[in-house]
Amino acid sequence: MSRSRSTSQGEVDAPQVLADRLARRLADQMRLGGPIQDLVSWLMASLPTARCG
């Protein structure tokens, strides 16, 4: 399964990629760690980081 989805123009469908990432992270959290205590920190850790290069 590809982590990114592309549109017909070859652009990444960022909202769907982010939604998929958050859904996976939430499923892992509920399976392994229980309820989320600090939602803001949890969301920030879920977001992709900027890559300089």
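Below, all heavy atoms of this structure are taken into account, side chains as well, without hydrogens, waters or symmetry copies. We're numbering straight along the sequence, starting at 1.
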Next item on the list: Would you sort out whether Leu26 and Ile36 count as a side chain to side chain contact (heavy atoms under 4.5 Å, CB included), showing the intermediate values?
Entry: CA-CA 9 Å; Leu26 181 58; Ile36 299 165; 3.8 Å; yes
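Taking both residues in full, the closest heavy atoms of Ala45 and Arg25 are given as CB-NH2, 3.4 Å, listed atom of the first, atom of the second, then distance. Minimum interatomic distance between Leu22 and Trp42 (heavy atoms only, all atoms of both residues): O-CH2, 4.0 Å.
If you chain together hydrophobic residues whose side chains sit under 4.5 Å apart, Val40 and Leu18 fall into the same group.
Note on Arg31 versus Asp28: salt bridge recorded, some NZ/NE/NH1/NH2 to OD/OE distance being below 4.0 Å.
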